6 protein chains.
Amino acid sequence: MNIRYIVPGPMSKTSLGAAELERRHRMLKRWASPETVVTICDAPTGPASIESAYEEYLCIPALAEAFVAAEGDDVDAAIVGCFDDPGIDALRELATRTVAVGPAMASVHLAALLGTSIGIVSVPEPGALRRLIAANGMRDHVCGIAVIESSVLGLRDDVTATTAKIIAAAEKLVETGADVIVLGCMSMAFLDIDDQLEHAIGVPVVNPARAALGVAETLVRCGLLPSKRAYPTPPKMLAGASLQQLTV
Amino acid sequence: MNIRYIVPGPMSKTSLGAAELERRHRMLKRWASPETVVTICDAPTGPASIESAYEEYLCIPALAEAFVAAEGDDVDAAIVGCFDDPGIDALRELATRTVAVGPAMASVHLAALLGTSIGIVSVPEPGALRRLIAANGMRDHVCGIAVIESSVLGLRDDVTATTAKIIAAAEKLVETGADVIVLGCMSMAFLDIDDQLEHAIGVPVVNPARAALGVAETLVRCGLLPSKRAYPTPPKMLAGASLQQLTV
Amino acid sequence: MNIRYIVPGPMSKTSLGAAELERRHRMLKRWASPETVVTICDAPTGPASIESAYEEYLCIPALAEAFVAAEGDDVDAAIVGCFDDPGIDALRELATRTVAVGPAMASVHLAALLGTSIGIVSVPEPGALRRLIAANGMRDHVCGIAVIESSVLGLRDDVTATTAKIIAAAEKLVETGADVIVLGCMSMAFLDIDDQLEHAIGVPVVNPARAALGVAETLVRCGLLPSKRAYPTPPKMLAGASLQQLTV
Amino acid sequence: MNIRYIVPGPMSKTSLGAAELERRHRMLKRWASPETVVTICDAPTGPASIESAYEEYLCIPALAEAFVAAEGDDVDAAIVGCFDDPGIDALRELATRTVAVGPAMASVHLAALLGTSIGIVSVPEPGALRRLIAANGMRDHVCGIAVIESSVLGLRDDVTATTAKIIAAAEKLVETGADVIVLGCMSMAFLDIDDQLEHAIGVPVVNPARAALGVAETLVRCGLLPSKRAYPTPPKMLAGASLQQLTV
Amino acid sequence: MNIRYIVPGPMSKTSLGAAELERRHRMLKRWASPETVVTICDAPTGPASIESAYEEYLCIPALAEAFVAAEGDDVDAAIVGCFDDPGIDALRELATRTVAVGPAMASVHLAALLGTSIGIVSVPEPGALRRLIAANGMRDHVCGIAVIESSVLGLRDDVTATTAKIIAAAEKLVETGADVIVLGCMSMAFLDIDDQLEHAIGVPVVNPARAALGVAETLVRCGLLPSKRAYPTPPKMLAGASLQQLTV
Amino acid sequence: MNIRYIVPGPMSKTSLGAAELERRHRMLKRWASPETVVTICDAPTGPASIESAYEEYLCIPALAEAFVAAEGDDVDAAIVGCFDDPGIDALRELATRTVAVGPAMASVHLAALLGTSIGIVSVPEPGALRRLIAANGMRDHVCGIAVIESSVLGLRDDVTATTAKIIAAAEKLVETGADVIVLGCMSMAFLDIDDQLEHAIGVPVVNPARAALGVAETLVRCGLLPSKRAYPTPPKMLAGASLQQLTV
């Protein structure tokens, strides 16, 4: 089974660089099932990080091209490496044989099988995340979103401090009723602090990268593709247009 | 008061051409309040029409630039000329003094003041529209979406036939409980068939272009801008980046 | 365009007197679009102010007569001057060519286009308001109602103190998540403190008188009347009875 | 225990006359628990029957006076004899020691203990009933409202034909999923056809007069009064005003 | 009318003993309508008390046998003496002429007729109770569940202390918006502290034993049985199997 | 990784016999990830099949013992082999290191990642399934449940006929809006007709055995256990009681 993790922005051009991409690749390989081949790529262009609805949209054209390229490489499932699941419906429209998985909804649905009241720890801004949750009918499952003060790119500057902030935010969510926590940011997912968090917080903590990976493996193993009735191929493509020809 | 209607795609480059843009401009001026100055523009690039979630996302970068240009022209309110309200949250993040209005939500909220069960007549595909409605918490207000068989660009090829299809779809919605109808496509809004529809259907029919115009005028007259707490300025722009600098 | 603001009680007989009616009239004229002719009237009988569900019902018979009189005067839209929208469904049943607008639902739907979580500042008692919001399917949009200690008639006794109370209540709502505020009382709407509030609170503050006025102008300009399928004419009136003959 | 059934309109002045009031009284006595003393009265003025939201409001002032009179007569619980529960919240505000019961909500909550999907058979118009159900948070429990063609006053003209219409409407509701039926009109409740209906329809049929009676008896026996926190006494009455003094 | 209260566990074998069963019987007789004959029994086997979902399930087989025995004794209605309403749907499947009433849903639906925001005071653990409320569509009616620290069996060890804990928990619920309180545990129902609670708390307090009794009496008097369409007889029993034969 | 599939009833004692258990074991091994060791067992006692809420409860005590035995065998995850997920909350309370997975909720949450409107094909009776869906907050995701006429034990008597019935039921669901189908019965899951179904129906068809297997593997690989805050250990067991000692 081939799974590709697509970073929806040019991470290798940012200060994090290709090394971070490589580091995340190693972690994904460690987390995957033995028979899964995981590849990773970033998009050639787009926002350096996604901290607004605008940047979320901004990443989609290049992400779509990377997804179509993955289909060309016989990838079975592609994971969109951003917790707002940007463009996930668009990728499903474009898909012909590759499953598109978004880590936010994969995590929220998995968390719903572990507890009854989900708390999400995220970075600003949670508006797009709230709309994603509502659009997917999971508003009543999520009891709260707590944001920590940090830019996405700054999360790894001081992992100890970031870990403390995440634990504090999660504890506040647990106090107000959360019985399962989801890490709501892919940069948090790769901090390699899962054991610390679970131990400190006392309720399950869902890592969205691992959740997305597991959901992707499950769907591929079950032979399931997203519904074309829910996500139909764009009519112009049915009539023969290529992805590039959709733009005038 | 200055209001700009932005077509989120290069309409003047399509078969409809600049003439259609001009025709729509004339209708908007006819519909607007006397003291309102309406301008119109299309985006320099993007999809020829929006018939999928993917094309909806594809139009947003050029739409955002057109919106920022409108702010530079001292426009008080900008209407996004697509019934899926693409990128409306992103425009509100970017806004500093211009109100961004989406015709779908403007129409649905106005329709909720006229009846209790809203039916929408649209063209395929309604998936993105359904998610928009759910994301905005209006799922229980909308009793159904009926699609007519036509491409967006083909709606004006035979206005009589299109009108008959819209009436048939609306009647089916009314039979199953709708007591107010919304035209769910901006190309329908400019067919100039409002009187025929209302007469034939027997319940109010909301034209989304006129609804968006009225909401825009009202918000400007009330001195109201979208909440920055709901739609915060992208952090990188707060730190000095320009719109263009968000893309690496 | 003719719009009439109907105070649903005999304000000119109360301590506020005809002067207050005149003062509100001047504000409405200032807020309206230039081509709109605004008139104002109060009901000849009814409660001095509406501070309970019972008084809300008590005002409806005289309000209905004033509405029918407005239709006789060729008024295009009538605004019910109470934030609980008393009898708005009844007026729509009675209407033949005049739009009936209630300020509460006009404000809440407009606010939903500015933010995602609406806080309402009101005076006791909020029970009827809560039921109105639920009956109109907007329960999930309204995150809270904060009441300030004051009678409706006493709000203008000390405008500075009232303003401070409104700001404090709004700030509490913002702290618990509100990103847009609605003033939930028509006497607050006419305190002429909009600029102060918006400046102090930092999120949009919807004035229900202005919101109702804008919605009324928009519906009239769009040629839209409330749905007769949702609000049918009383059968006895269809059979020829006058408004007065409905009472035995 | 004393329970009073208040017909919210001057039934004895209509073509039905005092005889119908007496006939209903006999049925109520038959249905009540042996130790309950049931009295009946109609309002001295108001609509002949309630077939619109407007007439629903029209009956409330005289109904309120009849309710306050009932309190003066040491009545333990009063039932509002209209299936839209007109003014029930107002009566609870006015109450000091008498329980106010509305047959619609009594029936719907009782029906929810018998099945999972409630169908209501009513006469036009169901708009006010729909808003009542939504305002009380029971929208998801009610799968449909089927109306039969008849005026309220005409239901008894041909009981056999009316029974057939009710059965046909109920069967249609059962076909679309209803597993318990509520008769949504008090004139249906007194047709004395309960056994026929239950036998013909095959699912439980809740008679709203009997449901209201049972709920009233239960609340009185439990010593429970509606919450003053939910339904506070009108402030002007707390300050000493009489019911009559609320009207200027 | 014959009503049986079934304790779903072998209370007479626990430290509480047959004396407690007898004490509860006396209270039920005091609360019932004069013409009602109340009997009480416990199950011969099962959990000593129900403090987990597991124990809730554990009690059902013996409870079902006790229910079928009640039907054999011509009991008109049976009340399941546990606030989680364990197995209530199963009992309704098995029923042929006896109404099965669960105190939790009887109380919640009755409370919804007294206020608009229900607070429940319970003992751990509330998970099963939350699922019961959601499964019955009453999630939006219940604003909170407050648990007091005590085992079910320990509630009567110090009634004064327990009463103080219940009052404190209820007051916290009222502060956060509850306007009616339900005692969420049958052992609380029989503490005989109703008057104290109502006086101390200031909003109605629903005793679930009395609520269930009243609902049972009402349904029997109305001649209503739970819907067989909602709760069909197990197919194997329709084909002739006895209750015992369902277990292989 | 060790996963055990527990049939919650004595299948080897029924007409299906140990051969069917063995056949299902082979299919599970075929579906599992290569590194997973799947075992299967049935419960020593309980209902022959689960076709009612009563039988669902009846299976839980023996199921719980089988689950605790699985924990003793170092099983990482246990799947409850019935589509109503009987006792899943109880198993999570009892669990100390083994994940309990129910196929219904595993399937519904996975299906929500493939489409937006889930149709379920089941056998009677769907009441318990509806309550399970509502209790888990997934009511709005499931657009319909279609039942086919067959006993659970009779499904394999004529696989061709059963397949045709399933396809017909699924097509009806798709016509009314479903865009993803879930097989709502474990005996359907093992008919080995997945390819036929997907081909005939044209939307994804989720096999609940495979979905549960995939979810179990994912949760184990992610190191996640159900939340003890949501599903606390029964207090009596915390105080030292064994599973058997919970029954008096």
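Every chain is numbered from 1 and lettered A, B, ... according to where its sequence line falls, protein lines coming before strand lines. Only a predicted model underlies this, so the values are computations on that prediction, with no experimental measurement involved.
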Chain C contact residues among residues 90-98 of chain D, heavy-atom distance under 4.5 Å
D/Ala90, D/Glu93, D/Leu94
Tell me the residues of residues 126-136 of chain D whose non-hydrogen atoms fall below 4.5 Å from those of chain C, in number order.
D/Arg131, D/Ala134, D/Ala135
Could you check which of C/Met237, C/Lys13, C/Glu55 has the highest count of heavy-atom pairs closer than 4.5 Å to chain D?
C/Glu55
Just give me the residue among D/Ala64, D/Pro47, D/Gly46 that pairs up with chain C most often, heavy atom to heavy atom, under 4.5 Å.
D/Gly46
How about CD on C/Glu149, more than 12 heavy atoms from neighbouring residues, nucleotides or ligands closer than 6.0 Å, or not?
no
Do you know which of C/Ala62, C/Ser151, C/Ser52 has the most heavy-atom pairs under 4.5 Å to chain D?
C/Ser52
Segment of D/Pro61 engaging chain C (4.5 angstrom heavy-atom cut-off)
both
Counting only non-hydrogen atoms closer than 4.5 Å, does C/Ala48 touch chain D with its backbone (N, CA, C, O), its side chain (CB onward), both, or neither?
both
Part of C/Pro10 within contact of chain D (heavy atom distance under 4.5 Å)
side chain
For a quick test of reading the model, state the closest non-hydrogen atom pair linking C/Leu58 to D/Leu246 and the distance between them.
CD2-CB, 3.9 Å
For C/Ser49, is it the side chain, the backbone, both, or neither that has a heavy atom closer than 4.5 Å to a heavy atom of chain D?
both
